[in-house]
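To start, the structure itself, in structure tokens.
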Amino acid sequence: MTTPSAATSSTASGQAHGPAPARAGAPGGRRGALGPVGLVLAGGVSVQFGGALAVTLMPRAGALGVVTLRLLVAALVLMVLCRPRLRGHSRTDWGTVIVFGIAMAAMNGLFYQSVARIPLGPAVTLEVLGPLTLSVLASRRAVNLVWAALALTGVFLLGGGGFSGLDPLGVAFALGAGAMWAAYIVFSARTGRRFPQADGLALAMAVAAVLFLPLGVLESGTKLLDPTVLALGAAVAVLSSVLPYTLELLALRRLPASTFAILMSLEPALAATAGFLVLDQALAATEAAAIALVIAASMGAVRTQVGRGRARKAGR
């Protein structure tokens with residue numbers, strides 16, 4: 001799960017903690033953009049198909065068990081790859097990374113509880129409202145009311161005027177995951193400023209895994225040790241966390257943060273596609289229109305935020 005940004009710079013640092021993205025005017029930026037754009041899109045496809053695979057694993061291990069396996073495997077891989085330094089950090093540094101880990105654990109837990117009850121496409125569409133709301137509030141421009149209204153229209157269509165067609169608890173979990181996604185953006189950006197490379201991400205993932213382990217054991221018990229469950233859980237971790245984070249890290253070295261954030265707005269469409277291909281979750285015409293409206297609202301909010309940033313720079 002990646003994100004449209006509340007502020008495009010926050011998204012860039014929050015998702016991959018990589019080096020600062022290249023400026024739009026950098027030499028060869030336009031000609032070389034196709035490569036990093038492809039990496040970001042591949043990461044988005046990986047995340048959503050990982051989510052679809054997780055749904056197929058839930059009958060075997062339960063939603064909490066799947067989250068536990070995803071976080072544990074991702075934490076182990078990132079800790080081995082990053083080898084973050086544990087000494088030399090202040091109390092504030094550790095407080096930031098712990099809150100980041102809590103937000104990550106809550107975001108994943110709530111989202112997987114949601115997709116256990118409602119289709120993947122609508123779940124991601126509802127979840128994306130968290131970052132979108134954060135973007136609108138951060139910008140404080142009147143035009144963002146238009147994007148908010150567009151998103152709300154999409155949500156209204158998605159719920160058939162009252163969410164009668166969707167499980168209310170699944171909707172609530174998806175909205176809660178969206179709120180945690182917004183918190184994830186804020187604290188991932190702070191963590192990225194306090195820790196080099198992806199060290200903060202690796203440590204936060206470890207915190208999230210430790211926090212979630214008791215819940216997974218309580219729900220799934222020895223099922224987590226089943227070889228098939230372990231293999232599928234590892235695949236979910238690689239597809240949903242390790243691979244997309246790595247691809248985004250590479251892409252952000254050459255891709256403007258504004259382009260990255262707009263690409264992240266396409267996630268509901270990718271989720272709907274994954275749900276259709278892997279889970280046979282077809283969308284009605286109104287649901288497809290609803291997802292399109294939320295995507296348009298997200299892209300509009302990001303472009304507004306980017307335009308505001310450019311205007312500030314031009315005025316200096």
Side-chain angles (χ1 to χ4, degrees), residues 1-3 14-17 43 46-47 50-51 53-55 57-58 60-87 89 93-116 127 173 176-177 180-181 183-188 190-192 194-246 248-249:
M1 288 165 16
T2 42
T3 178
Q15 288 305 312
H17 303 288
S46 180
V47 166
L53 178 60
V55 173
L57 180 57
M58 285 178 188
R60 291 175 176 265
L64 298 181
V66 173
V67 176
T68 299
L69 288 174
R70 172 184 170 173
L71 294 175
L72 275 175
V73 174
L76 288 172
V77 172
L78 289 172
M79 289 293 284
V80 169
L81 292 177
C82 299
R83 298 180 184 178
R85 184 167 51 88
L86 300 179
R87 296 182 179 180
H89 301 297
D93 292 342
W94 282 112
T96 300
V97 84
I98 288 172
V99 175
F100 181 27
I102 292 171
M104 188 185 299
M107 176 182 69
N108 281 279
L110 291 169
F111 178 74
Y112 278 69
Q113 289 289 339
S114 174
V115 296
E127 186 192 26
F173 280 133
M180 290 298 100
W181 198 355
Y184 171 96
I185 292 172
V186 173
F187 283 96
S188 64
R190 294 180 183 179
T191 301
R194 290 182 173 275
F195 291 83
Q197 300 299 324
D199 287 10
L201 175 63
L203 292 170
M205 190 73 75
V207 169
V210 170
L211 289 175
F212 227 93
L213 182 59
L215 297 177
V217 172
L218 185 64
E219 180 182 78
S220 305
T222 56
K223 293 179 182 178
L224 297 177
L225 301 178
D226 180 86
T228 302
V229 170
L230 280 173
L232 291 174
V236 170
V238 171
L239 287 172
S240 297
S241 297
V242 178
L243 183 58
Y245 287 144
T246 302
E248 289 167 10
L249 177 66

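Any value given below was found using the heavy atoms of this structure, including those in side chains, with hydrogens, waters and symmetry copies removed. As the structure is a computational prediction, the values presented were derived from the model and not from experiment.
Put simply, CG on Leu239 and CG on Leu232 are 10.5 Å apart, with the number rounded to the nearest 0.5 Å. To the nearest 0.5 Å, the span separating CG on Leu72 from CG on Leu224 amounts to 8.5 Å.
Contact between Met107 and Glu127 at its shortest, heavy atoms only, is CG-OE2, 4.0 Å. Contact detail for Ala54 and Val66: the closest heavy-atom pair is CB-CG1, 3.7 Å. For the pair Arg70 and Tyr112, the tightest heavy-atom approach, listed with the atom from each and the gap, is NH1-OH, 3.0 Å. When every heavy atom of Gly51 is checked against every heavy atom of Ser240, the shortest pair comes out as N-OG, 3.7 Å. Considering every non-hydrogen atom in both Ala103 and Met180, the closest pair reads O-CB, 4.0 Å. When all heavy atoms of Ala202 and Met79 are compared, the pair lying nearest together is O-SD, 3.7 Å.
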Give the intermediate values and the outcome of side-chain contact (heavy atoms from CB on, under 4.5 Å) for residues Met205 and Met104. CA-CA 7 Å; Met205 190 73 75; Met104 188 185 299; 3.4 Å; yes
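Within the 4.5 Å cutoff, no side-chain heavy atoms of Leu201 are placed close to those of Thr191. The shortest side-chain heavy-atom distance between Trp94 and Leu86 falls under the 4.5 Å cut-off. Counting heavy atoms from C-beta outward, Arg83 and Asp199 have side chains that stay 4.5 Å or more apart. Contact of the Val207 side chain with the Leu203 side chain is not registered, since no non-hydrogen atoms from C-beta on lie closer than 4.5 Å.
Taking the six-membered ring where tryptophan is involved, the planes of His89 and Phe195 are tilted, since the angle between them lies from 30° to 60°.
The ring of Phe173 has its center no closer than 6.0 angstrom to the ring center of Phe111.
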Could you list the donor-acceptor pairs under 3.5 angstrom formed between side-chain atoms of residues 208-220 and any protein atom two or more places apart in sequence or on another chain?
from, atom 1, to, atom 2, distance (Å)
Glu219, OE1, Ala63, N, 3.3
Glu219, OE1, Leu64, N, 2.9
Glu219, OE1, Gly65, N, 3.3
Ser220, OG, Ala61, O, 2.2

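Counting non-hydrogen atoms of neighbouring residues, nucleotides and ligands closer than 6.0 angstrom, the CZ atom of Arg194 exceeds 12 such neighbours.
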